[in-house]
There are 2 protein chains.
Amino acid sequence: MQDILFNFISRYVSLTNDEKNAIRSLDLFHSVKKGTILLKEGQKSQNSYFVLKGCIRVYYIINGEEKTTAFYTELDALTPHCVVSKAPSQYYISCIEDTILAVSNADMEAEINCNFPKFESLCRMLSEELLAKQRIDFDEFKTSSPEQRYLNLVQKRPDLIQRVPQHQLASYLGIKPQSLSRLRARILEKSKA
Amino acid sequence: MQDILFNFISRYVSLTNDEKNAIRSLDLFHSVKKGTILLKEGQKSQNSYFVLKGCIRVYYIINGEEKTTAFYTELDALTPHCVVSKAPSQYYISCIEDTILAVSNADMEAEINCNFPKFESLCRMLSEELLAKQRIDFDEFKTSSPEQRYLNLVQKRPDLIQRVPQHQLASYLGIKPQSLSRLRARILEKSKA
DNA sequence: TTGGCCCGTTCACTTAAGTTAAGAAAGAAT
DNA sequence: ATTCTTTCTTAACTTAAGTGAACGGGCCAA
């Protein structure tokens with residue numbers, strides 16, 4: 001698991017052995033069972049997550065209905081809004097598979113950022129990259145229809161379609177489960193013709 | 001204009017006079033006329049923008065049609081995807097008003113980040129904050145209808161509705177101009193009843 | 001002043017998503 | 001093995017967005 005993390009980090013900065021040991025000493029890794037809720041609406045968590053294996057999901061409860069807005073899988077990083085804003089969380093985070101996470105908290109990060117400028121550099125680069133990527137995702141979402149969004153997802157994250165329940169995928173695509181069902185039938189119809 | 005920038009920065013870090021002078025010496029500020037195109041599809045720009053006054057707009061041209069996906073106004077920062085990915089831009093950026101910008105380029109930033117760790121800290125905090133905020137915006141978009149999105153916009157960025165043409169607002173809301181027209185008529189109808 | 005262009009609105013029509021309800025299929029629990 | 005629950009699909013109906021076309025207003029330029 002450490003190797004996976006260090007490999008990921010090496011895309012951005014190269015760490016000395018001292019720096020690696022500093023990270024190793026942090027007790028970052030946690031195994032989490034499917035169904036575990038990592039964050040609830042109203043809570044003020046300090047934790048950020050990096051997925052080494054498995055899948056976690058962000059969802060809201062709006063008028064008693066679950067609305068799933070994001071999935072994080074292998075090598076995805078997530079700092080919940082409440083960590084940044086210091087306000088109560090508006091959403092839930094749960095594990096939809098048995099998952100292995102690297103968990104860090106804000107205090108820990110602040111300290112490392114102070115002592116290891118390289119780490120702050122890593123965080124900056126990673127955030128900037130994620131910000132730009134997410135912007136593109138948002139743009140694609142805005143400029144395409146539900147059907148295009150589904151087809152796009154099939155291309156870009158085919159694994160999600162296998163490992164995630166349809167009704168969660170539906171709200172991820174901004175539609176109702178029934179519409180997703182229908183839309184898939186429609187696509188199948190077209191590909192036959 | 002410098003004061004506006006320094007005030008903004010002071011939300012995140014406090015700068016010494018030396019640091020302020022270093023920034024002053026950079027020749028960041030540019031006045032740009034309404035209609036100017038800052039970035040075109042296919043270009044590989046290095047520039048990031050911070051809006052001091054005015055409004056810039058991100059749009060795609062898809063099947064010959066303009067699709068506006070973002071507006072940046074006073075105190076908004078924008079690092080285009082192509083700066084981060086080093087790939088050609090997929091979108092255009094243009095000024096929809098006479099605008100005053102702070103413009104920085106990647107080389108400049110790299111150098112400052114090296115010499116002023118505080119600046120890198122600022123960039124990290126800003127990116128993390130924007131990432132989390134944009135996540136919330138995206139979530140709101142996914143979980144609401146065009147009508148709700150419009151009403152939400154009226155609440156959150158009432159200025160945009162005044163300063164931006166309807167057909168650009170429409171694609172910003174993920175719909176066609178005709179639908180926005182109709183939707184507004186519908187809302188007006190309801191408020192009368 | 002006229003003509004052209006861009007923009008926003010309206011309308012009629014088409015298409016697709018939301019809603020409500022029902023039923024089949026797959027899993028989990030006892 | 002049986003029950004209970006959750007998930008997915010289907011269908012009929014409603015509502016809203018997409019499409020194509022037309023009209024009027026405002027603006028600019030000839």
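Just so we're on the same page: letters track the sequence lines, and every chain starts at 1. Values below: all heavy atoms of this structure, side chains included; hydrogens, waters and symmetry mates excluded.
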### Query
Do the ring centers of A:Y72 and A:F50 come within less than 6.0 Å of each other?
no
### Query
Side chains of A:C82 and A:K44: does their closest heavy-atom pair fall under 4.5 Å?
no
### Message
Could you tell me if A:K142 sits above the aromatic ring of B:Y172, with its cationic atom closer than 6.0 Å to the ring centre and no more than 45 degrees from the axis?
### Response
yes
#### Entry: Any pair counted as side-chain hydrogen bond (donor to acceptor under 3.5 Å, both in side chains), so long as it reaches residues 86-97 of chain A, sequence neighbours left out
A:E97-A:R163
### Query
How is the hydrophobic cluster of A:V84 composed, in terms of its other members, when Ile, Leu, Val, Met, Phe, Trp and Tyr link through side-chain heavy atoms under 4.5 Å apart, directly or indirectly?
none
### Query
Is the shortest heavy-atom distance from the side chain of B:L15 to the side chain of B:I23 under 4.5 Å?
yes
### Query
Starting at CZ of B:R186 and ending at P of D:dT14, how long is that distance when rounded to a whole Å?
18 Å
### Task
Have a look at the helix from C:dT1-D:dA30 to C:dT30-D:dA1 and give the angle its two end axes make, five pairs each, rounded to 10 degrees.
40°
### First and last nucleotide of DNA chain C, 5' to 3', lying under 4.0 Å from heavy atoms of chain A
C:dA16 to C:dT20
### Task
Mind listing the residues from residues 153-184 of chain A sitting with a heavy atom below 4.0 Å of DNA chain D? Number order is fine.
A:P165, A:Q166, A:H167, A:Q178, A:S181, A:R184
### Query
Can you list every pair that meets ring pair (Phe, Tyr, Trp, His ring centres under 6.0 Å) and has a residue in residues 98-138 of chain A, with sequence neighbours left out?
A:F138-B:F138, A:F138-B:F141
### Query
Atom CD of A:E189 to atom C1' of D:dT10: distance rounded to whole Å?
14 Å
